[in-house]
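Below: one structure, written as structure tokens.
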Amino acid sequence: MPLDPAAPLPLYSQVEQALAREIAAGERVPGDRLPSEDELAARFGVSRITIRKAVEGLVARGRLEIRRGKGTYVAEPRIRQELTELSGFVEDMQALGRTPSARLLGQQVVAADQVVAGKLGLAPGAQVYRIERVRLADGVPVSFDETYLPFEIGRQVVEHDLEAEPIFSLLEEKHGVPLVEAEYQLEAAACDSHVAAALAVAPGSPVFLIERTSFSLHGRPVDYERLYYRGDLIRFVTRLARRPKDARRGEGAGA
């Protein structure tokens with residue numbers, strides 16, 4: 001579709017929309033390299049600055065990704081994951097029609113540091129199991145999971161094939177540990193070299209770091225995890241309800 005200089009939409013937006021339509025129609029698929037700025041400028045009859053602005057818009061929307069020293073590529077579509085209930089990676093991916101898998105990187109007994117001990121309700125230095133896995137969706141690394149379990153629970157869990165059986169399922173179905181609720185903390189972070197190698201990205205790449213403590217009956221903490229999700233592959237979504245006006249009364253002026 002030719003650009004219309006007289007249209008109210010700026011030229012860079014028209015280029016952005018044209019490229020977005022090609023991606024949506026499957027004319028450009030994830031992993032395809034975008035033509036150079038010069039080629040796109042000649043095709044659309046606009047300046048390189050206009051092309052650059054259109055590409056920046058598509059990068060911001062997650063439709064394109066810039067690979068340093070290589071060029072601009074069509075990005076993998078982001079996984080939309082809702083944070084509305086306590087669920088595991090396998091359950092989440094299956095609900096989205098993805099094929100989940102895992103790679104076990106290591107499992108060992110370690111002394112709980114202050115943070116891990118506090119999350120699991122243990123004394124600092126207590127023995128816990130640390131399990132490291134890469135979680136994949138359709139064969140693509142999506143998250144690096146660092147899981148800490150109290151020693152007695154972990155000792156039973158590591159007897160199983162952790163590449164085939166999710167820890168949540170093992171706890172509930174094999175070892176009679178029901179999961180009732182969890183506390184989530186989510187922040188943006190840059191991954192270090194260890195996490196980057198596991199996720200097949202460059203060190204310093206953006207990740208969502210989720211700290212999740214899962215509780216069994218009577219508020220007993222049984223599982224503490226640090227989950228590093230690739231920032232270029234996932235989008236977290238939640239829905240919040242506003243309390244009735246009467247319940248907010250007396251809290252002071254709102255935003």
Side-chain angles (χ1 to χ4, degrees), residues 12 16 19-20 23-24 28-34 37 51-84 86-93 95-96 98-106 113 115-116 119 130-148 182-214 224-240:
Y12 73 85
E16 182 178 338
L19 293 175
I23 295 171
R28 300 184 186 277
V29 299
D32 280 356
R33 188 178 187 277
L34 204 67
E37 286 184 355
I51 295 298
R52 196 168 302 148
K53 200 165 182 180
V55 168
E56 288 172 353
L58 289 168
V59 169
R61 291 164 56 186
R63 308 304 298 273
L64 296 176
E65 61 178 350
I66 297 174
R67 301 178 188 174
R68 290 181 183 176
K70 295 183 178 180
T72 303
Y73 292 78
V74 178
E76 292 284 344
R78 290 192 179 185
I79 297 168
R80 177 186 169 94
Q81 183 171 332
E82 296 191 2
L83 295 179
T84 54
L86 175 56
S87 57
F89 182 86
V90 170
E91 296 166 311
D92 293 333
M93 295 304 108
L96 294 169
R98 305 277 184 137
T99 301
S101 58
R103 284 205 304 265
L104 179 64
L105 301 183
D113 62 21
V115 173
V116 172
K119 295 293 186 181
R130 181 175 67 199
I131 301 165
E132 293 185 341
R133 293 170 298 164
V134 176
R135 315 302 295 275
L136 304 94
D138 299 332
V140 177
V142 173
S143 78
F144 168 76
D145 295 5
E146 185 181 357
T147 302
Y148 293 88
E183 176 184 280
Y184 279 71
Q185 296 184 57
L186 190 152
E187 64 179 276
C191 62
D192 61 23
S193 57
H194 181 59
V195 175
L199 293 177
V201 297
S205 295
V207 292
F208 288 108
L209 169 58
I210 295 179
E211 292 187 70
R212 180 173 68 191
T213 306
S214 300
Y224 168 61
E225 298 167 283
R226 297 186 184 119
L227 312 173
Y228 300 83
Y229 279 87
R230 283 179 53 173
D232 61 332
L233 291 185
I234 197 157
R235 175 180 288 113
F236 291 102
V237 181
T238 191
R239 184 167 183 164
L240 306 176

- Item | Contact summary for Ala182 and Leu86, nearest pair of heavy atoms | CB-CD1, 3.6 Å
- Query: With sequence neighbours excluded, what pairs up with Arg52 under the salt bridge (charged side-chain N to carboxylate O under 4.0 Å, His left out) test?
  - Reply: Glu37
- For Ile66, all residues meeting side-chain contact (heavy atoms from CB on, under 4.5 Å), sequence neighbours excluded: Val59, Thr72
- Note on the structure: With sequence neighbours left out, the residues meeting side chain to side chain donor-acceptor pair (under 3.5 Å) with Ser143 are Asp145
- Task: Please step through side-chain contact (heavy atoms from CB on, under 4.5 Å) for the pair Leu209 and Leu186, ending with a clear verdict.
- Result: CA-CA 6 Å; Leu209 169 58; Leu186 190 152; over 6 Å; no
- Does Arg212 have any salt bridge (charged side-chain N to carboxylate O under 4.0 Å, His left out) partners at least two apart in sequence or in another chain, and if so, which? Glu225
- Item | Any residue meeting side-chain contact (heavy atoms from CB on, under 4.5 Å) with Val29, in chain and number order, not counting sequence neighbours | Asp32
- Item | side-chain contact (heavy atoms from CB on, under 4.5 Å) partners of Thr99, counting only residues at least two apart | Asp138
- Message: Using the ring pair (Phe, Tyr, Trp, His ring centres under 6.0 Å) criterion, which residues pair with Phe236? Sequence neighbours excluded.
- Response: Phe208, Tyr229
- Which is it for Glu16 and Arg63 under the salt bridge (Lys or Arg N to Asp or Glu O under 4.0 Å) test, yes or no, and what are the steps along the way? CA-CA 10 Å; Glu16 182 178 338; Arg63 308 304 298 273; over 6 Å; no
- Student check: side-chain heavy atoms of Arg226 and Val116 closer than 4.5 Å: yes
- Run the numbers on Arg135 and Val142 for side-chain contact (heavy atoms from CB on, under 4.5 Å), then give the verdict. CA-CA 6 Å; Arg135 315 302 295 275; Val142 173; 5.7 Å; no
- Message: My understanding is that only residues two or more places apart in sequence, or in another chain, count here; which of them pass side chain to side chain donor-acceptor pair (under 3.5 Å) with Glu91?
- Response: none
- side-chain contact (heavy atoms from CB on, under 4.5 Å) between Phe144 and Arg230, worked out: CA-CA 9 Å; Phe144 168 76; Arg230 283 179 53 173; over 6 Å; no
- Message: Rounded at 0.5 Å granularity, tell me how far OH in Tyr224 sits from CZ in Arg130.
- Response: 12.0 Å
- Sorted by chain and number, sequence neighbours left out, ring pair (Phe, Tyr, Trp, His ring centres under 6.0 Å) with Phe89 holds for none
- Item | Arg33, CZ atom: more than 12 neighbouring heavy atoms under 6.0 Å | yes
- Shortest non-hydrogen pair, Leu233 vs Pro141, comes out as CD1-O, 3.6 Å
- Message: My understanding is that only residues two or more places apart in sequence, or in another chain, count here; which of them pass salt bridge (charged side-chain N to carboxylate O under 4.0 Å, His left out) with Glu56?
- Response: none
Contacts table for residues 192-203: side-chain donor-acceptor under 3.5 angstrom, sequence neighbours left out:
residue, atom, partner, partner atom, Å
Asp192, OD1, His194, N, 3.1
Asp192, OD1, Val195, N, 2.9
His194, NE2, Glu132, OE1, 3.3

- Note on the structure: Arg67 meets the salt bridge (charged side-chain N to carboxylate O under 4.0 Å, His left out) criterion, sequence neighbours left out, with Glu65
- What residue among Leu64, Ile23, Ile51, Leu58 forms side chain to side chain contact (heavy atoms under 4.5 Å, CB included) with Leu34? Leu64
